[in-house]
Amino acid sequence: MRQYELTVIFPLEEDLYKAGRELVQADLAHHGAQIEKTEEMGDRDLAYPINKKTRGRYTLYTIKLDPAQLVALERAFKLNNNIIRHLFVKVEE
């Protein structure tokens with residue numbers, strides 16, 4: 001298992017944020033990821049408008065995940081309408 005940092009941008013609306021966050025945690029658990037740390041980074045401006053949204057709520061997850069599951073998680077996150085953007089970064093040890 002490798003360690004990754006996952007940054008997820010959620011919409012500002014509270015109901016969409018909560019639903020998106022629950023789905024992300026469920027998807028991570030379904031694919032065998034171990035969530036080590038969750039950090040709320042707050043509301044921030046986006047670099048450019050995405051789907052007519054100019055602000056988002058950022059959350060940073062530190063996880064351990066089997067690299068073979070990464071593609072399946074990417075696909076699940078792309079299909080989740082409550083996620084504006086996401087990014088996986090492998091942490092070098």
Side-chain angles (χ1 to χ4, degrees):
M1 294 185 87
R2 289 189 183 152
Q3 188 169 10
Y4 294 93
E5 287 184 346
L6 168 64
T7 304
V8 183
I9 306 172
F10 297 104
L12 291 177
E13 295 83 7
E14 193 65 31
D15 56 337
L16 296 177
Y17 166 71
K18 284 185 179 182
R21 188 171 165 163
E22 288 173 6
L23 286 172
V24 166
Q25 291 175 349
D27 283 340
L28 288 172
H30 177 71
H31 292 287
Q34 299 172 359
I35 301 174
E36 294 182 343
K37 185 172 133 183
T38 303
E39 182 180 341
E40 299 295 327
M41 297 173 65
D43 301 345
R44 298 182 181 201
D45 290 330
L46 301 176
Y48 53 90
I50 302 171
N51 296 333
K52 299 183 182 178
K53 297 184 187 298
T54 58
R55 290 185 61 81
R57 188 170 290 177
Y58 285 64
T59 304
L60 175 69
Y61 297 93
T62 304
I63 61 173
K64 283 196 175 182
L65 176 68
D66 181 22
Q69 296 294 322
L70 194 59
V71 173
L73 266 174
E74 289 268 349
R75 187 176 304 121
F77 289 163
K78 285 180 184 177
L79 296 174
N80 188 343
N81 292 330
N82 295 329
I83 295 177
I84 296 176
R85 284 284 190 268
H86 68 279
L87 177 67
F88 282 97
V89 177
K90 184 173 91 171
V91 176
E92 296 295 329
E93 297 177 16

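- The closest side-chain heavy-atom distance from Leu46 to Thr54 is not below 4.5 Å.
- Here Leu79 contributes atom CG and Leu23 contributes atom CG; the two are 11.5 Å apart, rounded to the nearest 0.5 Å.
- Val91 belongs to no multi-residue hydrophobic cluster, having no ILVMFWY side-chain contact under 4.5 Å with any other such residue.
- Glu74 contributes atom CD, which lies 8.0 Å from atom CG of Leu87 (distance to the nearest 0.5 angstrom).
- Residue Phe10 belongs to a hydrophobic cluster whose other members are Tyr4, Leu6, Val8, Tyr17, Val24, Leu28, Ile35, Tyr61, Ile63, Leu65, Leu70, Leu73, Phe77, Ile83, Phe88, with links defined by side-chain heavy atoms closer than 4.5 Å.
- Contact between Lys64 and Met1 at its shortest, heavy atoms only, is O-CE, 3.4 Å.
- Within 6.0 Å of CG in Asp15 there are more than 12 heavy atoms belonging to other residues, nucleotides or ligands.
- Once rounded to the nearest 0.5 Å, the distance linking OG1 of Thr62 with CD of Glu5 reads 5.0 Å.
- In this structure the side chain of Asn80 never reaches within 4.5 angstrom of the side chain of His86, judged on heavy atoms.
- Separating the NZ atom in Lys78 from the CZ atom in Arg85 is a distance of 10.0 Å, to the nearest 0.5 Å.
- Between Gln25 atom CD and Arg21 atom CZ the span is 5.0 Å, to the nearest 0.5 Å.
- Counting heavy atoms from C-beta outward, Glu13 and Lys53 have side chains that approach closer than 4.5 Å.
- Nearest heavy-atom pair, Ile9 versus Gly56, reported as atom, atom and distance to 0.1 Å: CG2-CA, 3.8 Å.
- Applying the side chain to side chain contact (heavy atoms under 4.5 Å, CB included) test to Asp43 and every residue at least two apart in sequence or in another chain returns Leu12, Arg55, Arg57.
- Under the 4.5 Å side-chain heavy-atom criterion for grouping Ile, Leu, Val, Met, Phe, Trp and Tyr, Val89 is not connected to Met41 through any hydrophobic cluster.
- More than 12 heavy atoms of other residues, nucleotides or ligands lie within 6.0 Å of CG in Asp66, so this atom counts as buried by the packing criterion.
- Minimum heavy-atom separation, Asn82 to Gly20: CB-CA, 3.5 Å.
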